[in-house]
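We use all heavy atoms of the structure for the numbers below, so side chains are in, but hydrogens, waters and symmetry mates are not. Small disclaimer: the values here were computed from a predicted structure and weren't measured.
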Amino acid sequence: MAASTHTVTNQAPPLVGYDVFTADRTLSEAVERHTDPSILDEVQGELSELGRSAGSAQAQEWGARANENPPVLRTHDRYGNRIDEVDFHPAWHRLLGRGVAAGLTDAWGRPGGHVRRAAGFLVWTQAEAGHGCPLSMTHAAVPALRTDPVLAAEWEPRLTSHVYEQDLRAGALKTGALFGMGMTEKQGGSDVRANTTSAQPLAGEGEYLLTGHKWFCSAPMCDGFLVLAQAPGGLSCFLVPRVLADGTRNVFQIQRLKDKLGNRSNASSEVEFDGTWARLVGEEGRGVRTIIEMVAATRLDCVIGSAALMRQAVAQATHHAAYRGAFGGKLIDKPLMRNVLADLALESEAATTLALRLAAAYDSDTEQDRALLRLAVPAAKYWVTKRCTPVTAEALECLGGNGYVEESGMPRLLRESPLNSIWEGSGNVQALDVLRALQREPQALNAFLTEVGQARGADHRLDGAIKGLLTELADLDGMEGRARRLVERMALVLQGSLLVRWAPPEVADAFCASRLGGDWGAAFGTLPHTLDLGSVVERARAEVADIP
């Protein structure tokens with residue numbers, strides 16, 4: 001009898017049917033560390049339920065379908081009426097609805113709200129990252145709206161609602177709403193003060209008509225947008241609703257959807273305002289100051305989102321290596337592969353630990369933590385998002401040719417990985433923001449040094465890195481040309497401090513030896529071979545009991 005040619009062997013089973021939250025020791029420990037014991041059981045229960053959803057075959061199918069069927073713009077209806085709608089695959093709505101129901105737009109004023117919401121965002125966006133954009137912007141719009149108590153009273157209950165309503169209706173008729181943001185214009189980019197969109201005041205108090213073009217407006221199906229425009233008193237912040245109070249559509253002309261490298265499930269658009277009704281948020285001429293809290297919150301979500309991508313990439317790589325046999329044993333037991341996996345796991349753990357510490361600072365009411373955020377958020381945004389792409393690419397390589405195939409899900413992670421470094425200000429913008437804080441807000445540097453100083457004396461390599469950083473900080477003249485180098489060191493020292501305080505010794509030791517002590521090569525998999533790398537890898541694995 002002829003031998004069978006179709007027997008499949010030595011293929012890792014899919015990583016499915018597991019709890020994304022509880023399988024992530026770094027994340028679950030951070031939640032326990034930063035959550036008040038009185039609500040810990042409640043928070044862990046919520047996150048575990050969401051983790052099981054994120055690890056389900058259904059959620060993974062939704063993520064695949066939403067990206068295989070990107071949104072489609074419909075500018076007009078069949079009769080020629082302008083409607084400016086975007087059609088999404090049903091999978092997108094299921095993902096977004098589950099995220100809203102899980103409270104991923106609800107953090108402000110909720111007990112432990114930012115930690116539980118950050119952890120949930122990190123868990124759920126591992127199923128699919130694109131729909132995290134409207135979740136993030138809706139969450140982040142709240143502090144900007146609070147500059148106007150009337151607007152906050154009107155919109156905040158809808159933005160923090162756990163009800164998802166996808167249809168476009170007047171805000172007063174909706175229980176739940178989503179918000180977007182429009183700042184950049186084609187002539188200015190990150191230089192928002194160069195914006196040319198104009199705002200002409202109307203007779204009604206706080207009412208304006210906008211005229212102009214926004215070059216990037218993500219999630220254009222949202223119910224409202226915070227945008228910047230030039231009013232008589234200078235650059236100002238405005239709320240633009242998609243549907244007016246009388247039920248008519250506001251002028252919000254979507255010119256096209258961007259054809260993007262990744263993030264394909266999410267619609268990013270160019271929009272025209274042509275006599276578009278808007279409501280002033282805050283004071284005229286103080287638009288950047290008004291919207292900056294929203295920007296800071298979305299920048300933290302860039303850190304969390306990159307940590308989520310890295311975690312999923314490491315989970316997939318370690319899972320594959322645990323089941324794949326090669327050269328007489330499992331890949332995960334081979335010293336060289338173990339070195340690569342441990343190196344990737346260090347980046348993932350450092351990113352997650354830092355992201356949750358910053359979320360906890362948002363929950364804090366101390367001046368120390370508020371000042372810490374001013375420096376630590378842009379520094380973390382710069383560094384963690386920069387690390388995401390090389391981590392994801394190396395994790396893909398751990399799967400070999402299987403990782404290069406779309407069915408593995410790894411190419412989608414890789415295409416998504418550069419986004420967070422660009423969104424809400426690319427690397428240079430973050431580095432310059434850190435410099436501004438150093439020069440203008442000495443309390444921010446004091447808070448940063450107090451934070452990292454809590455680990456002083458625990459590791460000589462960390463102590464040496466802190467000393468070197470202080471030397472660099474002593475002279476800020478001519479700093480712009482070396483700003484990236486400085487911000488990188490600040491982020492690494494902060495991560496090292498957190499890991500020395502809270503991570504297992506083998507993780508802190510490996511991080512300090514490589515990232516701070518210089519015992520590291522230019523590629524992943526070059527950690528000192530004398531470290532306890534096996535323990536680092538086992539900690540990073542997403543073990544699934546029912547996978548054979």
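- Ion pairing of D301 with K381 is absent here, as no side-chain N (NZ or NE/NH1/NH2) approaches a carboxylate O to less than 4.0 Å.
- We find the CG-CZ distance between L356 and R33 to be 7.5 Å, quoted to the nearest 0.5 Å.
- Applying the side chain to side chain donor-acceptor pair (under 3.5 Å) test to every pair with at least one member in residues 102-111, sequence neighbours left out, gives these pairs: E46-R110, D106-H162, W108-H139.
- E347 places no side-chain N or O within donor-acceptor distance of the main-chain N or O of V391, the cut-off being under 3.5 Å.
- Donor-acceptor pairing under 3.5 Å is lacking for the side chains of E451 and S497.
- For the ring-ring contact (aromatic ring centres under 6.0 Å, His included) condition, the pairs that include at least one residue of residues 209-229, sequence neighbours left out, are F225-F252.
- Between the E207 side chain and the A203 main chain, no donor and acceptor come within less than 3.5 Å of each other.
- The main-chain N or O of G234 is found under 3.5 Å from a side-chain atom of S236 such that the two form a donor-acceptor pair.
- Here salt bridge (Lys or Arg N to Asp or Glu O under 4.0 Å) pairs that include residues 362-373, with residues two or more places apart or in two chains, are R357-D369.
- Within the cation-pi definition used here (under 6.0 Å to the ring centroid, within 45° of the axis), R65 does not qualify as a partner of W62.
- Closest approach of N195 to Q230, counting heavy atoms only: O-NE2, 3.1 Å.
- In summary, R299 and E424 do not engage in a salt bridge, as defined by a charged side-chain N under 4.0 Å from a carboxylate O.
- Formation of a donor-acceptor pair under 3.5 Å by the K174 side chain with backbone atoms of R158 is not found in this model.
- Salt-bridge annotation for E488 and K386: absent, with no side-chain N of the basic residue lying under 4.0 Å from a carboxylate O of the acidic one.
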